[in-house]
Visitor: 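My structure is below; once you've seen it, I'll send some questions.
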Amino acid sequence: MTADRQARVAVVRPSGCTQMSLFLHTSETMQPADELYTGLLVKTALWLQGGCGLVTDDESTFHRLRRAYSPDGARAFDRRFLSGIYGEPFSVQHSRELPAVSETAVPVSARITGCRIGIDLGGSDRKAAAVIDGETVWTEEVVWQPKLHGDLRYHYEHIAAALRSAAAHLPRVDAVGVSTAGVVIDGEIRRSSLFMNVPPAEFNHHGRALVRRAVREVCGDVPCTVCNDGDVAALAGAMSLRRSKLLGIAMGTSQAGGYVDENGHSTGWLNELAFLPVDLHPHAPVDPWSGDRGVGERYFSQEGVIRLARQAGLSPRGDTPAEKLRWVQERARVGDDRALEAFSELGRLLGLTLPWYRRLLGCKNVLLLGRVISGVGGECLADVCREELEKAGEQMELFLPEESLRRVGQAAAAALLTVRE
């Protein structure tokens with residue numbers, strides 16, 4: 001049935017406001033479909049662009065959104081999470097006049113001059129790089145378990161140790177860049193699974209500025225730029241490939257996304273692809289954090305590889321998800337068809353999802369980073385993804401960095417981060 005009416009929704013955040021149009025129906029029989037459609041698009045806008053408030057000019061849409069984003073509604077997790085990162089209550093309002101579209105976020109770009117340290121904080125390991133005038137002179141990768149620790153001293157000591165190790169390989173430190181899992185706003189880590197066992201009150205009081213405090217105490221009063229790991233992936237691609245309109249996807253403990261616009265800058269949007277819906281199947285896997293089904297984190301991450309490997313008949317071995325992923329990657333390396341099938345299926349799913357991301361962001365180029373795409377399995381994933389894009393007639397280019405950079409490339413790219421003046 002053709003839509004016969006339109007509703008507008010504004011997504012409001014401290015740094016700006018965006019608007020969307022929803023095409024709906026007056027027929028009562030279409031109301032369940034309209035509710036599903038509205039919920040998916042609004043959720044997508046919130047996690048892609050960021051927001052702590054919704055304003056709509058349509059009364060029925062207002063009631064749907066108010067119900068979904070109530071403290072015990074279907075989107076209660078989104079409400080709590082977004083309220084926490086922006087530090088203000090989440091609101092849903094009905095108004096004939098919507099806030100004007102605006103954007104005031106400070107963009108981030110890259111600079112290659114000087115002696116710089118880059119740190120990449122992941123859920124299974126932390127990486128560090130020392131960079132001189134754009135050339136990486138030293139890297140390291142250290143296993144850690146930040147998600148298991150509720151004492152911020154554990155996180156601080158690991159970050160400080162990484163900074164000291166990198167600084168020892170530089171004649172001086174001119175700047176530090178940090179790539180991290182989680183949501184970063186105004187240079188602060190507002191929410192991150194790395195700190196999931198830290199009491200919220202303690203994290204809000206001491207954790208948000210933890211990275212900058214470590215930099216100040218180890219390296220002195222030098223510029224420090226902290227970014228989401230997806231944004232760093234995108235900037236790494238823009239630098240190495242000399243491309244714009246580029247989406248960077250880091251596939252590791254979770255899924256991170258970042259976008260570089262036509263001017264070569266990161267815009268400051270959330271780009272939390274991990275929470276974007278990609279699968280509407282009623283039995284799609286459930287994300288244990290948000291409780292939502294079919295979101296990107298369950299697919300384009302090490303958890304996705306492990307699940308698909310099990311479906312292919314393997315029983316991944318290891319005490320941690322990272323060890324299980326390495327086990328599957330080793331099986332792919334020696335030619336196990338079941339492991340290759342898992343990576344092939346993940347590539348097919350990514351090929352089906354990238355057109356959705358293109359429609360949301362306008363990206364023409366995609367760079368994949370993270371431990372999931374290392375080795376033979378990563379090559380298989382990328383090849384099948386390209387085949388899917390070609391079958392769909394999508395004009396998108398997919399890139400992988402050199403193998404040596406796939407695991408530590410984020411740290412080296414982070415070293416070059418700088419806020420545009």
Side-chain angles (χ1 to χ4, degrees), residues 14-15 85 87 104-122 126-142 144 146 151-192 194-195 198 202-229 231-232 235-236 239 258 264-268 408-421:
S15 63
I85 67 173
T104 59
V106 178
V108 175
S109 57
R111 182 175 298 165
I112 64 172
T113 57
C115 298
R116 296 169 170 263
I117 293 175
I119 304 292
D120 178 28
L121 303 176
R126 58 170 174 82
K127 307 176 185 74
V131 178
I132 300 177
D133 293 334
E135 294 292 329
T136 302
V137 297
W138 172 87
T139 63
E140 76 167 357
E141 182 176 356
V142 176
W144 72 331
D151 188 340
L152 281 174
R153 286 178 295 183
Y154 173 88
H155 304 79
Y156 176 85
E157 289 167 1
H158 269 270
I159 295 168
L163 291 166
R164 284 193 293 269
S165 295
H169 293 80
L170 294 171
R172 64 183 187 281
V173 177
D174 295 321
V176 175
V178 178
S179 166
T180 178
V183 177
V184 179
I185 298 177
D186 296 332
E188 292 185 345
I189 302 176
R190 297 293 178 88
R191 285 292 184 273
S192 174
L194 301 180
F195 303 93
V198 178
E202 182 181 354
F203 179 78
N204 287 335
H205 189 61
H206 298 290
R208 289 186 173 187
L210 181 77
V211 170
R212 289 189 168 182
R213 179 165 66 87
V215 170
R216 184 173 62 253
E217 293 179 1
V218 174
C219 303
D221 189 19
V222 299
C224 174
T225 304
V226 184
C227 280
N228 169 268
D229 47 7
D231 286 329
V232 177
L235 286 168
M239 289 186 298
H265 300 127
S266 175
T267 60
V408 297
Q410 294 257 133
L416 310 182
L417 293 173
T418 183
V419 174
R420 187 182 66 173
E421 298 176 355

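Model, not experiment: these values are computed from the prediction. Any value given below was found using the heavy atoms of this structure, including those in side chains, with hydrogens, waters and symmetry copies removed.
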Visitor: Using a 4.5 Å cut-off on heavy atoms from C-beta on, say whether the side chain of Leu210 contacts that of Ile189.
Guide: no
Visitor: What heavy-atom pair brings Ala412 and Thr136 nearest, and what distance separates the two atoms?
Guide: CB-OG1, 3.5 Å
Visitor: Nearest heavy-atom pair of His206 and Leu152: which atoms, and what distance?
Guide: CB-CD1, 3.8 Å
Visitor: Please list all pairs meeting salt bridge (Lys or Arg N to Asp or Glu O under 4.0 Å) that have one or both residues in residues 128-137, counting only residues at least two apart or in different chains.
Guide: none
Visitor: Does anything in residues 152-162 pair up under salt bridge (Lys or Arg N to Asp or Glu O under 4.0 Å), and if so which pairs, sequence neighbours excluded?
Guide: Asp151-Arg153
Visitor: Between Val232 and Ser179, which heavy-atom pair has the shortest distance, and what is it?
Guide: CG2-CB, 3.6 Å
Visitor: Of all residues at least two apart in sequence or in a different chain, which pass the side-chain hydrogen bond (donor to acceptor under 3.5 Å, both in side chains) check with Arg212?
Guide: none
Visitor: Quick one, Asp221 and Arg216 - any side-chain contact, counting heavy atoms below 4.5 Å?
Guide: no
Visitor: Do you know which two heavy atoms are closest between Ser192 and Ala181, and how far apart they sit?
Guide: OG-O, 2.8 Å
Visitor: Identify whether the distance between the nearest side-chain nitrogen and carboxylate oxygen of Glu141 and Arg126 falls below 4.0 Å.
Guide: no
Visitor: Excluding sequence neighbours, so at least two apart, what forms side-chain hydrogen bond (donor to acceptor under 3.5 Å, both in side chains) with Glu188?
Guide: Arg190
Visitor: If you take all heavy atoms of Ile85 and Arg191, which pair is closest and at what distance?
Guide: CG2-CG, 3.2 Å
Visitor: Run the side chain to side chain contact (heavy atoms under 4.5 Å, CB included) test on Val178 and Cys227 for me, step by step, so that the C-alpha distance in whole Å, both residues' side-chain angles and the decisive distance to 0.1 Å come before the verdict.
Guide: CA-CA 6 Å; Val178 178; Cys227 280; over 6 Å; no
Visitor: Looking at residues at least two apart in the chain, or sitting in another chain, which of them share a salt bridge (charged side-chain N to carboxylate O under 4.0 Å, His left out) with Glu217?
Guide: Arg213
Visitor: With sequence neighbours excluded, what pairs up with Phe203 under the ring pair (Phe, Tyr, Trp, His ring centres under 6.0 Å) test?
Guide: Phe195
Visitor: Fit a plane to each ring of His155 and Trp144, take the angle between them on a 0 to 90° scale, and name the class: parallel (under 30°), tilted (30 to 60°) or perpendicular (over 60°).
Guide: perpendicular
Visitor: Do His158 and Ile119 come close enough that some side-chain heavy atom pair is under 4.5 Å?
Guide: no
Visitor: Do Val211 and Leu121 have side chains that get closer than 4.5 Å, going by heavy atoms?
Guide: yes
Visitor: List the residues meeting side-chain hydrogen bond (donor to acceptor under 3.5 Å, both in side chains) with Asn228, not counting sequence neighbours, and say none if there are none.
Guide: none
Visitor: In Å, rounded to the nearest 0.5 Å, how long is the span from CG of Asp229 to CG of Asp120?
Guide: 6.5 Å
Visitor: Does a side-chain heavy-atom distance below 4.5 Å link Val222 with Val176?
Guide: yes
Visitor: Quick check: do Thr180 and Val226 have side-chain heavy atoms less than 4.5 Å from each other?
Guide: yes
Visitor: Just to verify, what does His205 make a side-chain contact (heavy atoms from CB on, under 4.5 Å) with, not counting sequence neighbours?
Guide: none
Visitor: List, one per line, each side-chain donor-acceptor pair under 3.5 Å for residues 160-175, sequence neighbours excluded.
Guide:
from	atom 1	to	atom 2	distance (Å)
Ser165	OG	Ala161	O	3.0
His169	ND1	Ser165	O	2.9
His169	NE2	Trp138	NE1	3.4
Arg172	NE	Asp174	OD1	3.0
Arg172	NE	Asp174	OD2	3.2
Arg172	NH2	Asp174	OD2	3.2
Asp174	OD2	Cys115	N	2.7

Visitor: Using the side-chain hydrogen bond (donor to acceptor under 3.5 Å, both in side chains) criterion, which residues pair with Asp186? Sequence neighbours excluded.
Guide: none
Visitor: Just verifying a value: how many Å separate Ile132 CD1 and Thr113 OG1, rounded to the nearest 0.5 Å?
Guide: 12.5 Å
